[in-house]
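In what follows, residues are counted from 1 in the order of the sequence shown. All values reported here derive from a predicted model rather than from experimental measurement.
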Amino acid sequence: MVYPKPIMKLQELVKLGYPEEWLLSIYRSRHQNIAWKMGGEHKRNSPILFDTEELEKYRKACCTGV
């Protein structure tokens, strides 16, 4: 998939059709370099950002098992 931006917010990815719960599970998983909070982990209302290149690699790995 081609993404419009290299870094995208959670809600932008939801608008592209990704399930919000799936994206949140990626964010909550340990030892991942795909998602982070813009203002740091302790800022409650900061948006969650995703590296779209890493997200695409993760998505392909989930689909193919590679």
Side-chain angles (χ1 to χ4, degrees):
M1 179 170 183
V2 177
Y3 297 92
K5 298 187 255 180
I7 304 292
M8 295 180 72
K9 294 179 182 178
L10 174 78
Q11 293 305 318
E12 292 173 324
L13 291 168
V14 169
K15 286 180 185 176
L16 288 178
Y18 286 104
E20 186 173 358
E21 277 304 313
W22 181 68
L23 293 169
L24 287 173
S25 70
I26 293 170
Y27 169 70
R28 291 180 188 129
S29 66
R30 291 180 175 225
H31 308 297
Q32 53 86 12
N33 59 346
I34 302 168
W36 64 93
K37 278 207 171 193
M38 182 189 269
E41 295 297 318
H42 303 294
K43 301 261 182 162
R44 237 179 110 189
N45 295 326
S46 294
I48 298 172
L49 302 176
F50 286 82
D51 179 336
T52 54
E53 183 179 332
E54 293 297 321
L55 179 63
E56 186 64 13
K57 287 179 191 176
Y58 180 81
R59 187 186 69 81
K60 286 181 179 179
C62 288
C63 293
T64 61
V66 176

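Tested against M38, the residues I7, I48, L49 include a single side-chain contact (heavy atoms from CB on, under 4.5 Å) partner, L49.
Under a 3.5 Å cut-off, the side chain of T52 and the backbone N or O of P6 do form a donor-acceptor pair. Listed for the K37 side chain is a donor-acceptor partner under 3.5 Å among the backbone atoms of R44.
K5 is linked by a salt bridge (charged side-chain N to carboxylate O under 4.0 Å, His left out) to E12, counting only residues two or more places apart in sequence or in another chain. Partners of Y18 according to the side-chain hydrogen bond (donor to acceptor under 3.5 Å, both in side chains) rule, which considers only residues two or more places apart in sequence or in another chain, are Y3.
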Sequence neighbours excluded and cut-off under 3.5 Å, please list the side-chain donor-acceptor pairs for residues 19-27, or say none.
residue: S25; atom: OG; partner: W22; partner atom: O; Å: 2.6
residue: Y27; atom: OH; partner: E41; partner atom: OE1; Å: 2.9

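The closest side-chain heavy-atom distance from L16 to M8 is below 4.5 Å.
Here the straight-line distance linking atom CG of N33 with atom NZ of K57 works out to 8.0 Å at 0.5 Å rounding.
When all heavy atoms of W36 and D51 are compared, the pair lying nearest together is CZ3-N, 3.8 Å. Smallest separation of non-hydrogen atoms from L13 and L55: CD1-CD2, 3.8 Å.
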**Request:** Under the side-chain contact (heavy atoms from CB on, under 4.5 Å) rule, what do F50 and L10 come out as? Steps first, then yes or no, please.
**Result:** CA-CA 7 Å; F50 286 82; L10 174 78; 3.7 Å; yes
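Applying the 6.0 Å contact sphere to CD of E53 captures no more than 12 heavy atoms from other residues, nucleotides or ligands.
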